[in-house]
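Shown next, in structure tokens, is the structure this report addresses.
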Amino acid sequence: MASALSERLSRIVKEMRGQARITESNVSDMLREVRMALLEADVALPVVRDFIARVKDKALGADVVGSLTPGQALVGIVNRELAATMGEGVADLNLAAQPPAVILMAGLQGAGKTTTTAKLARHLIEKRKKKVLTVSGDVYRPAAIEQLKTVTAQAGAEWFPSTPDQKPADIARAALDHARRHHFEVLLVDTAGRLAIDEALMREIQELHAVLKPVETLFVVDAMQGQDAVNTAKAFKEALPLTGIVLTKLDGDARGGAALSVRSVTGVPIKFAGVSEKIDGLEVFDADRHAQRVLG
Ligand code: GDP
């Protein structure tokens, strides 16, 4: 049975009880445990390596002060580094734009883009009192357009119609024009996903980005994707100037290592977490709390 990072860490605190200082050799034992636990939490290997190197650096340079034992000091460093890597504090949505502030949703099919678009609409209406319009640029799946219509109604926002015979860039222009003329403050643009990264998809969303000039470009990623999330995140980051990440399906049984991976490879803050299928199942991402989850 795999043991969680917190269990492994408390074991280390015990084992290091008799030792007076953090040394090269006792830090290595501990870092081996941290490494195993992070891999079990589905953090990608290169991200784990980086993380371990940073903790090691800090630990060897650290003065163990006061009543802390070296083990406790090390655990503190791991905790702080976890939270820092995932982004400390809270990064709210930036809406500082000439209205409408456009938010472009990107991600693979099934990641939770459409659901998250509606959840965000609801969030913006309730928490920030905004007038919100949604539109779907997914011209490949008529069902996706209908799905957005349904969930937008649940969110209490307005939906701008689009049809599969239109070009996504034309839909974007029409929605933008409608939003301006009807004084919407935020325009949420859902986009087509694919089962895997492909060039046509990337070109299309780049074109949408050029037309819409969004103030936020959010990459939506499924926490259950674990290691695979890294490659997807890299590809989207290369194609688009991402401004934030939404990590969905955190209510599943994933240990949440994808957060660490995706944040590390993109350098972009995780802004929201999806925690249920329901319209109110979206939370502002809390790095400290998530660090505890990764610790297990
Ligand atoms: P899209 O293809 O990226 O637009 O993905 P959808 O929004 O259609 O979501 C795919 C599936 O994931 C749907 O069944 C959603 O209900 C589900 N889903 C999305 N976000 C969450 C979440 O945070 N938690 C759970 N449990 N399910 C979610």
Side-chain angles (χ1 to χ4, degrees), residues 83-107 111-137 148 151-152 155-160 168-169 171-191 205-221 233 236-248 259 262-263 265-274 279-290:
T85 307
M86 288 190 285
E88 258 160 333
V90 166
D92 205 351
L93 282 178
N94 173 17
L95 300 176
Q98 184 76 13
V102 178
I103 302 178
L104 182 63
M105 310 296 289
K113 277 186 308 301
T114 305
T115 310
T116 304
T117 303
K119 287 174 174 177
L120 273 180
R122 159 93 165 220
H123 170 88
L124 289 166
I125 292 168
E126 286 202 339
K127 300 276 168 18
R128 299 184 64 175
K129 312 287 174 221
K130 298 295 180 191
K131 184 177 173 188
V132 181
L133 182 68
T134 72
V135 67
S136 173
L148 183 67
V151 289
T152 298
E158 280 185 58
W159 169 83
F160 186 76
I171 294 171
R173 281 187 202 96
L176 202 51
D177 183 56
H178 181 85
R180 278 192 192 119
R181 280 191 290 111
H182 294 86
H183 308 291
F184 283 91
E185 294 164 290
V186 182
L187 171 61
L188 289 166
V189 183
D190 191 11
T191 60
I205 198 158
Q206 283 168 334
E207 191 185 355
L208 280 176
H209 189 276
V211 168
L212 290 162
K213 300 184 181 59
V215 64
E216 289 274 8
T217 302
L218 301 180
F219 171 58
V220 181
V221 59
F236 275 92
K237 169 71 184 167
E238 277 160 22
L240 290 167
L242 301 177
T243 58
I245 294 163
V246 182
L247 197 62
T248 62
V262 168
R263 164 80 209 207
V265 299
T266 61
V268 169
I270 300 169
K271 297 201 167 180
F272 292 94
I279 194 83
D280 59 357
L282 187 75
E283 291 176 356
V284 171
F285 183 76
D286 180 334
D288 294 326
R289 218 170 67 207
H290 195 75

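Every value quoted in this text rests on a predicted model; they were computed, and no experiment measured them. Side-chain atoms are counted along with the backbone in the values below, which use heavy atoms only and exclude waters and symmetry mates.
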Take Leu95 and Leu124, measure what side-chain contact (heavy atoms from CB on, under 4.5 Å) needs, and give me the verdict at the end. CA-CA 10 Å; Leu95 300 176; Leu124 289 166; 3.8 Å; yes
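- Using a distance-only test at 3.5 Å, with no hydrogens or angles considered, a donor-acceptor pair links the side chain of Lys131 to the main chain of His182.
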Given the rule in the salt bridge (charged side-chain N to carboxylate O under 4.0 Å, His left out) test, do Lys119 and Glu283 qualify, once you have shown the distances and angles that lead to the verdict? CA-CA 10 Å; Lys119 287 174 174 177; Glu283 291 176 356; over 6 Å; no
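- With hydrogens and angles ignored, the 3.5 Å screen pairs no side-chain donor or acceptor of Thr191 with any backbone N or O of Gly137.
- Of all heavy-atom pairs spanning Gly156 and Ile125, the tightest one is O-CD1, 3.5 Å.
- Here the closest non-hydrogen pair linking Val215 and Ala96 is CG2-O, 4.0 Å.
- Contact of the Lys237 side chain with the Phe219 side chain is not registered, since no non-hydrogen atoms from C-beta on lie closer than 4.5 Å.
- Taking 4.5 Å as the limit, every side-chain heavy atom of Val221 sits out of range of all side-chain heavy atoms of Val246.
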I would like to know whether Leu188 and Leu133 meet side-chain contact (heavy atoms from CB on, under 4.5 Å); could you show each step before the answer? CA-CA 6 Å; Leu188 289 166; Leu133 182 68; over 6 Å; no
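- With sequence neighbours left out, His123 forms a ring pair (Phe, Tyr, Trp, His ring centres under 6.0 Å) with Phe272.
- Remark: side-chain polar atoms of Lys130 are not paired, donor with acceptor, to backbone N or O of Val186 under 3.5 angstrom.
- When each of Val268, Leu242, Thr117, Leu120 is paired with Leu218, the side-chain contact (heavy atoms from CB on, under 4.5 Å) condition holds for Leu120 and for no other.
- The distance from the OG1 atom of Thr266 to the CZ atom of Phe236 is 12.5 Å, given to the nearest 0.5 Å.
- Applying the salt bridge (Lys or Arg N to Asp or Glu O under 4.0 Å) test to Asp177 and every residue at least two apart in sequence or in another chain returns Arg181.
- Under the 4.5 Å side-chain criterion, counting only non-hydrogen atoms from C-beta, Arg122 is in contact with Asp280.
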Take Lys271 and Ile245 through the test side-chain contact (heavy atoms from CB on, under 4.5 Å) and record every step on the way to the result. CA-CA 6 Å; Lys271 297 201 167 180; Ile245 294 163; over 6 Å; no
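- Taking each heavy atom of Pro241 and Thr217 in turn, the nearest pair found is O-CB, 3.8 Å.
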Begin from the C-alpha positions of Thr152 and Thr134 and carry the test side-chain hydrogen bond (donor to acceptor under 3.5 Å, both in side chains) through to its verdict. CA-CA 7 Å; Thr152 298; Thr134 72; 2.8 Å; yes
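- The closest side-chain heavy-atom distance from Thr116 to Met105 is below 4.5 Å.
- One finds the OG atom of Ser136 at 8.5 Å from the CH2 atom of Trp159 (value rounded to the nearest 0.5 Å).
- Scanning all heavy atoms of the two residues, the minimum distance from Val220 to Gly112 falls at CG1-C, 3.9 Å.
- A donor-acceptor pair is defined here as one N or O able to donate and one able to accept, closer than 3.5 Å; no such pair exists between the side chain of Glu207 and the backbone of Ala169.
- For Glu185 (side chain) and Pro99 (main-chain N/O), no donor-acceptor pair under 3.5 Å exists by modelled atom type.
- Distance CZ/Arg263 to CG/Leu247: 12.5 Å, rounded to 0.5 Å.
- Closest non-hydrogen pair, Ala287 versus Ala83, comes out as CB-O, 3.8 Å.
- Contact check for Ile270 versus Val262: no side-chain heavy atoms found under the 4.5 Å cut-off.
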Stepwise, does the side-chain contact (heavy atoms from CB on, under 4.5 Å) test hold for Leu212 with Leu187? CA-CA 10 Å; Leu212 290 162; Leu187 171 61; 4.3 Å; yes
Derivation and outcome, side-chain hydrogen bond (donor to acceptor under 3.5 Å, both in side chains), residues Asp190 and Thr114: CA-CA 6 Å; Asp190 191 11; Thr114 305; 2.6 Å; yes
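- In plain terms, the two heavy atoms of Arg180 and Pro100 that are nearest each other are CG-CD, 3.7 Å.
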